[in-house]
2 protein chains.
Amino acid sequence: MAEAATRRRGDTRERIQEVALERFTSNGYDQTSLREIAEDLGVTKAALYYHFKSKEEILDGLLSSVAFQVDELVAWMREETPTHERRIEMIRRLGDITRGAGGGVLQCVQQNEVALANMGRTTELIHHMKQQLWDAALPEDASIEDKLRMRMAVMAVLVSSKPDSDLGGTAEDRAAAAQVVAASLVP
Amino acid sequence: MAEAATRRRGDTRERIQEVALERFTSNGYDQTSLREIAEDLGVTKAALYYHFKSKEEILDGLLSSVAFQVDELVAWMREETPTHERRIEMIRRLGDITRGAGGGVLQCVQQNEVALANMGRTTELIHHMKQQLWDAALPEDASIEDKLRMRMAVMAVLVSSKPDSDLGGTAEDRAAAAQVVAASLVP
DNA sequence: GTCTATAGGATGATAGAC
DNA sequence: GTCTATCATCCTATAGAC
């Protein structure tokens, strides 16, 4: 059977993050209580507090894992001056991150935009991540239209990778369509 | 001085909706308590319950005001079979709604997507509104790419009308850029 | 229409036993 | 590492006086 069904002692921290990410994304950060997460895992709330010192820290743990991947992408982008082709490759790599391990975190961030917009450290982390991406992709004096195009290209990738997207088709179909649309958007 | 500063007795219902919309949009629906709204208005929580029978009903009131405008747009769209030009005009009209009276509601819906995704009646209302828009704009057998294009065009309009958008420029600049980008997206 | 007062419950978080 | 028990706080919502 699936390994997810086994008890998996010793990696409770990871299991907490898994369940939390899933619920934060589908039900929302605010609407997900620690009680729910604990019950899902078959432990008590108090157990969660042994692994994380607050609810926000559970989210921060998830964020920093993907922040590392975004930092790598930004660093790669900064190796050369950005061209149209390079920006397209950047979107492609972002798609890989979104579909890869921990990519659900980006979904989670997008789905909870407002909820995470007034949360101190978490908000700063997200804002910094986005800012770096935009700065690496476009010159600072880029036109409003180009900035908007770049943001929409990124959103196309995120929207299309939503599992319950009402676009239809398989995940692969949607990812392919997203790349085509994104390519036509990127300045 | 501004009329907003005057006491305006007798339209408490509207004032509640104004304040609620503002806070739902900027701070999030879940993170906005009725206590905050009441204090903002200089009344007590109990007073809110005289005008609305629940928190959700405050939101529903806002939603139905914009649902009417969307219904009109859908009806107009259905007068003729949709063409590229007609879809562009649809996006333009949607932009008018977004910037016009009650357009903030669309912002609010977008900003609180997850929070409003599991709320019974409210969720249905939103889902129905979106579904009608997509159905009116595209044939039901449209390709995934075309569906995605249409959705991104709408999102471009919404993103650009966000007041605190980090795109820079005036609201008019951003609206103009959004129309250009949307036009290049619409199938 | 607006108030005071309060019910009734959920939540994030902590203390301390095992 | 996980538990029981509990705290303090906040929330939505209601009852009833004015």
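Proteins come first, then strands; the chains are lettered A, B, ... in the order of their sequence lines, and each starts at number 1.
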For nucleotides 12-15 of chain D, tabulate all protein N/O to nucleotide N/O atom pairs closer than 3.5 Å, reporting atom names and distance.
from: D:dT12; atom 1: OP1; to: B:Lys55; atom 2: NZ; distance (Å): 3.2
from: D:dT12; atom 1: OP2; to: B:Leu34; atom 2: N; distance (Å): 3.1
from: D:dT12; atom 1: O4; to: B:Lys45; atom 2: NZ; distance (Å): 3.4
from: D:dA13; atom 1: OP2; to: B:Tyr49; atom 2: OH; distance (Å): 2.9
from: D:dA13; atom 1: OP2; to: B:Lys55; atom 2: N; distance (Å): 2.9
from: D:dA13; atom 1: O5'; to: B:Tyr49; atom 2: OH; distance (Å): 3.3
from: D:dA13; atom 1: N6; to: B:Lys45; atom 2: NZ; distance (Å): 3.4

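- Scored by the salt bridge (Lys or Arg N to Asp or Glu O under 4.0 Å) test, B:Asp30 finds no partners at all (sequence neighbours excluded).
- Distance A:Glu14 CD to D:dG1 C1': 14 Å, rounded to the nearest Å.
- Separating the CD atom of B:Gln31 from the P atom of D:dC10 is a distance of 15 Å, rounded to the nearest angstrom.
- The other members of the hydrophobic cluster of A:Met152, by chain and number, are A:Ile144, A:Leu148, A:Met155, A:Val159, A:Leu167, A:Val181, A:Leu185, B:Ile144, B:Leu148, B:Met152, B:Met155, B:Val159, B:Leu167, B:Val181, B:Leu185 (side-chain heavy atoms under 4.5 Å, ILVMFWY only).
- Listed pair A:Tyr50 / D:dG1 meets the phosphate criterion, a side-chain N or O lying under 4.0 Å from OP1 or OP2.
- The side chain to side chain donor-acceptor pair (under 3.5 Å) search around A:Glu89 returns A:Arg92, A:Arg93, not counting sequence neighbours.
- Taking Ile, Leu, Val, Met, Phe, Trp and Tyr as members and joining any whose side-chain heavy atoms lie under 4.5 Å apart, directly or through other members, A:Phe68 forms no hydrophobic cluster with any other residue.
- A straight line from CD of B:Glu39 to P of C:dC3 spans 12 Å, rounded to a whole angstrom.
- Taking side-chain N and O atoms only, B:Thr12 has no distance below 4.0 Å to OP1 or OP2 of C:dG1.
- With sequence neighbours excluded, no residue satisfies side-chain contact (heavy atoms from CB on, under 4.5 Å) with B:Ser64.
- Using a 4.0 Å cut-off between a side-chain N of Lys or Arg and a carboxylate O of Asp or Glu, B:Arg151 and B:Asp146 do not qualify as a salt bridge.
- For D:dC3, one of the phosphate oxygens OP1 or OP2 lies less than 4.0 angstrom from a side-chain nitrogen or oxygen of A:Thr44.
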